[in-house]
Amino acid sequence: QVQLVESGGGMVQAGGSLRLSCAASGRTFSNYAMGWFRQAPGKERDFVTAINWSGTSTYYADSVKGRFTIFRDNAKNTVYLQMNSLKPEDTAVYYCAVQFDSGRYAEVRQVDYWGQGTQVTVSS
């Protein structure tokens, strides 16, 4: 079965950096986009970023543009999220998301597979 194993979450001060990674296994992921959503306590799960199956196009929520960078290594079936200039409002559980590449990256219902989530806490 498909497994998404996330790592790299933690606690950091505002202005700091973290890198998340998500290793996927259990099937062939060609033609699958990969990305990240996040969910803060009491809030809905929101789109953060996505990268298409070939790695040639990336998409970001306005709130993270210029601070976060997504990239993938298809040889390892792994997607990474480099988060710089972190803010307290970035605090959330971050979920790795894999979906057939339909171009509808921001829609929760389009996600085929979810990671278990990793906590990111940014202190002021």
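Here the structure is a predicted model, which means the values were calculated and not measured.
Under the 4.5 Å side-chain criterion, counting only non-hydrogen atoms from C-beta, I70 is not in contact with Y80. Contact of the Y32 side chain with the M34 side chain is not registered, since no non-hydrogen atoms from C-beta on lie closer than 4.5 Å. L18 places a side-chain heavy atom less than 4.5 Å from the side chain of V120. Using a 4.5 Å cut-off on side-chain heavy atoms (C-beta onward), V79 and W36 make contact. The shortest side-chain heavy-atom distance between V111 and V98 does not fall under the 4.5 Å cut-off. Contact annotation: the side chain of Q1 never approaches that of R27 to less than 4.5 Å [non-hydrogen atoms, C-beta and beyond].
A distance of 11.5 Å separates OG in S102 from CG in N31, rounded to the nearest 0.5 Å. The line from CG of L81 to CZ of F68 is 6.0 Å long, rounded to the nearest 0.5 Å. One distance of note links OH of Y94 with OG1 of T118; it measures 10.5 Å at 0.5 Å rounding. The distance from the CZ atom of R67 to the OG atom of S85 is 7.0 Å, given to the nearest 0.5 Å. Annotation: the span from Q82 atom CD to R19 atom CZ amounts to 4.5 Å, rounded to 0.5 Å. In this structure, the separation between CZ on F29 and OG1 on T78 is 10.0 Å, given to the nearest 0.5 Å.
When the options R38, M83, K87 are evaluated for a side-chain contact (heavy atoms from CB on, under 4.5 Å) with V64, the one that passes is R38.
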Would you please test Q119 and T121 for side chain to side chain donor-acceptor pair (under 3.5 Å) and show each step? CA-CA 6 Å; Q119 177 70 45; T121 302; 3.3 Å; yes

Residue pair F37, F47: steps toward the ring-ring contact (aromatic ring centres under 6.0 Å, His included) verdict: CA-CA 4 Å; F37 286 71; F47 170 76; 5.7 Å; yes

Could you go through the side chain to side chain donor-acceptor pair (under 3.5 Å) check for T56 and S54 one step at a time? CA-CA 5 Å; T56 55; S54 62; 2.8 Å; yes

Kindly determine whether S17 and N84 satisfy side chain to side chain donor-acceptor pair (under 3.5 Å), including the steps that lead there. CA-CA 4 Å; S17 299; N84 298 329; 2.9 Å; yes

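Between the Y60 side chain and the G66 main chain, no donor and acceptor come within less than 3.5 Å of each other. Side-chain atoms of R72 come within 3.5 Å of backbone atoms of N52 as a donor-acceptor pair (strictly under, hydrogens ignored). Looking only at distances, no side-chain donor or acceptor of Q99 sits under 3.5 Å from a matching main-chain atom of D112. Under the 3.5 Å distance criterion, the side-chain polar atoms of T49 are matched with a main-chain donor or acceptor of Y59. Between the side chain of T91 and the main chain of E89, no donor-acceptor pair closer than 3.5 Å is present.
Side-chain N/O atoms of S7 and S21 include a donor and acceptor closer than 3.5 Å.
When all heavy atoms are compared, the tightest approach of A24 to L4 is CB-CD2, 3.4 Å. Here the closest heavy-atom approach between residue G115 and residue Y95 is recorded as O-CD2, 3.6 Å. Smallest separation of non-hydrogen atoms from S124 and A14: CA-CB, 4.3 Å.
Residues Y113 and F100 share a hydrophobic cluster, clusters being chains of Ile/Leu/Val/Met/Phe/Trp/Tyr side chains in contact below 4.5 Å.
Atom CH2 of W53 has 12 or fewer neighbouring heavy atoms from other residues, nucleotides or ligands inside a 6.0 Å radius. The number of heavy-atom neighbours closer than 6.0 Å to CD of Q13, taken from other residues, nucleotides and ligands shown, is 12 or below.
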